[in-house]
Amino acid sequence: MTKDILISRRAVIASGIALGVSGFAPLARAAAPLKVAGIHASPVENAWNSCLHKALQDAAKEGVIEYVFSEGVSGTDYPRAMREYAEQGNKLIIGEAYAVEKEARQVAADYPDTAFVLGSSGEQAGDNFGVFGTWNHDGAYLAGMLAGKMTKSNVVGSVGAIPIPEVNMLINAFAAGVKAVNPDAKHLVSFIGTFFDPPKAREAGLAQIDAGADILFGERIGTADAAKERGIKSVGSLIDYTPRYPDTVFANAMWYFRPILNAAIADVAAGKPVGRNYTSYGLMKEGGSDIVFVKGVAPADAEAAMEAKRAEIKAGTFEVPKMMDEPK
């Protein structure tokens with residue numbers, strides 16, 4: 001893969017001029033912005049990648065980093081992309097290792113002076129290979145509490161990508177929230193076998209509706225299309241889908257990548273090893289995730305109970321169970 005192919009379709013290089021007050025001011029005043037590359041296996045329109053992309057773009061606009069990126073990088077090309085960005089002098093590479101765990105770690109070992117911080121179901125390796133998980137399960141649990149009180153058929157459904165630990169944990173958390181307020185509710189689960197296929201997610205959602213589900217949790221983009229088509233409610237994940245589906249998506253389990261990115265940038269800027277797990281920066285109590293919902297859609301008592309539990313999560317007095325086994 002040539003450099004031109006690597007940065008095809010879209011590439012961003014920030015000017016380094018600070019725009020407004022930075023959310024990470026000490027780094028914005030550094031002598032030069034940190035050179036950071038993002039490697040996205042899916043298009044940046046994909047919800048998960050869009051979270052990373054927005055955080056990186058925002059940091060670039062603030063002058064904290066210079067940012068280049070590639071999207072739609074296949075698993076076979078991913079290690080090569082990592083190597084090319086390292087050889088181009090990028091000090092921090094952000095991306096995902098889920099489909100290339102072994103290969104990604106080998107690349108990091110070959111470039112000890114480059115920091116790699118990637119989404120992963122595994123652990124960190126050495127001094128320069130850090131990992132992070134997408135733990136927006138707190139918001140999913142809270143959304144489940146609302147859904148459990150809203151369902152009229154007593155059947156809810158979840159459409160996920162692939163049954164990896166993080167996806168499992170998110171779907172299990174939604175189901176646990178439903179069961180906490182409605183023990184008799186039935187939970188249907190479907191996996192589409194890929195991280196980005198909106199039409200396939202829609203079809204899976206339609207099948208669950210045909211099986212009786214009247215509320216869908218969309219771990220994958222496309223699920224809300226099925227809900228909209230059949231006139232039922234849906235829950236979004238990672239980003240706020242309500243503006244796109246105003247009469248369909250009533251709650252979203254949000255995830256914000258910026259706290260994780262800030263921690264990684266700070267470590268690189270200070271010359272500290274990034275070989276650690278950054279997942280905890282994405283928890284609700286750290287400001288890295290939350291629930292966004294439309295008030296008045298769920299019953300008032302359901303909203304009050306959910307808000308009370310949300311306060312407990314933020315205070316650290318309640319911890320949403322982390323169940324990573326494949327949901328049944």
Side-chain angles (χ1 to χ4, degrees), residues 10 12 23 38-61 67 69 71-72 94-96 98 119 132-144 146-147 158-162 164 166-167 169-171 173-174 177 192 194-202 204-205 215-228 233-262 278-279 281-284 286-295 297 310 320:
R10 260 193 226 100
V12 176
I39 308 176
H40 304 281
S42 298
V44 293
E45 289 86 356
N46 186 38
W48 187 87
N49 299 92
S50 74
C51 292
L52 274 64
H53 189 55
K54 182 181 186 304
L56 287 157
Q57 283 185 312
D58 289 347
K61 289 175 183 177
Y67 173 45
F69 75 97
E71 61 180 328
I94 299 291
E96 53 204 280
Y98 298 108
F132 63 88
T134 314
W135 283 16
N136 60 323
H137 60 298
D138 291 334
Y141 180 91
L142 297 175
L146 296 179
S158 293
V159 177
I162 299 168
I164 61 174
E166 283 183 317
V167 173
M169 180 175 66
L170 187 61
I171 291 175
F174 172 75
I192 63 173
T194 182
F195 288 108
F196 188 73
D197 192 335
K200 198 168 184 179
R202 170 185 165 273
I215 297 177
L216 298 181
F217 174 57
E219 192 276 327
R220 284 299 103 183
I221 187 171
T223 310
D225 292 309
K228 180 180 178 181
K233 298 298 183 182
S234 181
V235 174
S237 178
L238 299 175
I239 62 175
D240 186 356
Y241 285 97
T242 300
R244 192 184 308 182
Y245 303 93
D247 299 318
T248 302
V249 177
F250 70 94
N252 300 272
M254 304 293 291
W255 183 62
Y256 309 109
F257 182 66
R258 190 63 188 271
I260 292 174
L261 177 63
N262 284 350
Y278 290 87
T279 300
Y281 293 96
L283 293 173
M284 183 179 289
E286 300 294 338
S289 60
D290 210 336
I291 183 173
V292 171
F293 68 101
V294 181
K295 293 185 177 181
V297 177
R310 179 171 176 255
V320 174

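Here, residue 1 is the first one in the sequence, and each next residue gets the next number.
A salt bridge links Arg310 with Asp290; the closest basic N to acidic carboxylate O contact falls under 4.0 Å.
A donor-acceptor contact shorter than 3.5 Å links the side chain of Glu219 to the backbone of Ala161. One N or O on the side chain of Asp197 and one on the backbone of Lys200 form a donor-acceptor pair closer than 3.5 Å. A donor-acceptor pair is defined here as one N or O able to donate and one able to accept, closer than 3.5 Å; such a pair exists between the side chain of Asn136 and the backbone of Ala253. In this structure, the side chain of Asn252 does not engage the main chain of Met254 through any donor-acceptor pair within 3.5 Å. A distance-only check finds no donor-acceptor pair linking the side chain of Thr248 to the backbone of Ala224 [under 3.5 Å].
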Mind running side chain to side chain contact (heavy atoms under 4.5 Å, CB included) on Lys228 and Val249 for me, showing each step along the way?
CA-CA 9 Å; Lys228 180 180 178 181; Val249 177; over 6 Å; no

Evaluate the side chain to side chain contact (heavy atoms under 4.5 Å, CB included) criterion for residues Phe250 and Val235: first the C-alpha distance (whole Å), next the side-chain angles of each, then the deciding distance (0.1 Å), finally the verdict.
CA-CA 6 Å; Phe250 70 94; Val235 174; 3.7 Å; yes

Between Leu52 and Ile94, is the side chain to side chain contact (heavy atoms under 4.5 Å, CB included) condition met? List the steps.
CA-CA 8 Å; Leu52 274 64; Ile94 299 291; 3.8 Å; yes

Give the C-alpha distance, both sets of side-chain angles, the deciding distance and a yes or no for side chain to side chain contact (heavy atoms under 4.5 Å, CB included) between Arg258 and Asp58.
CA-CA 9 Å; Arg258 190 63 188 271; Asp58 289 347; 3.8 Å; yes

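Side chain to side chain, Tyr245 and Asp225 meet the donor-acceptor criterion of an N or O pair below 3.5 Å. For the residue pair Asn49 / Glu96, a side-chain donor-acceptor distance below 3.5 Å is found, with atom types taken as modelled.
Across Glu166 and Phe132, no two heavy atoms sit closer than the pair OE2-O, 4.1 Å. Closest heavy-atom contact between Tyr241 and Gly236: CD1-CA, 3.7 Å. The nearest pair of heavy atoms linking Gly160 to Val167 is CA-CG1, 4.4 Å.
Exactly one of Thr134, Ile171, Val159, Leu170 qualifies for a side-chain contact (heavy atoms from CB on, under 4.5 Å) with Ser237. That residue is Leu170.
Note: His53 and His40 have perpendicular aromatic rings, judged against thresholds of 30 and 60 degrees for the angle between ring planes. Between Trp135 and His137, the angle of the ring planes goes over 60°, which puts this pair in the perpendicular group of the 30/60° scheme.
Rounding to the nearest 0.5 Å places CG of Leu216 at 12.5 Å from CZ of Arg202.
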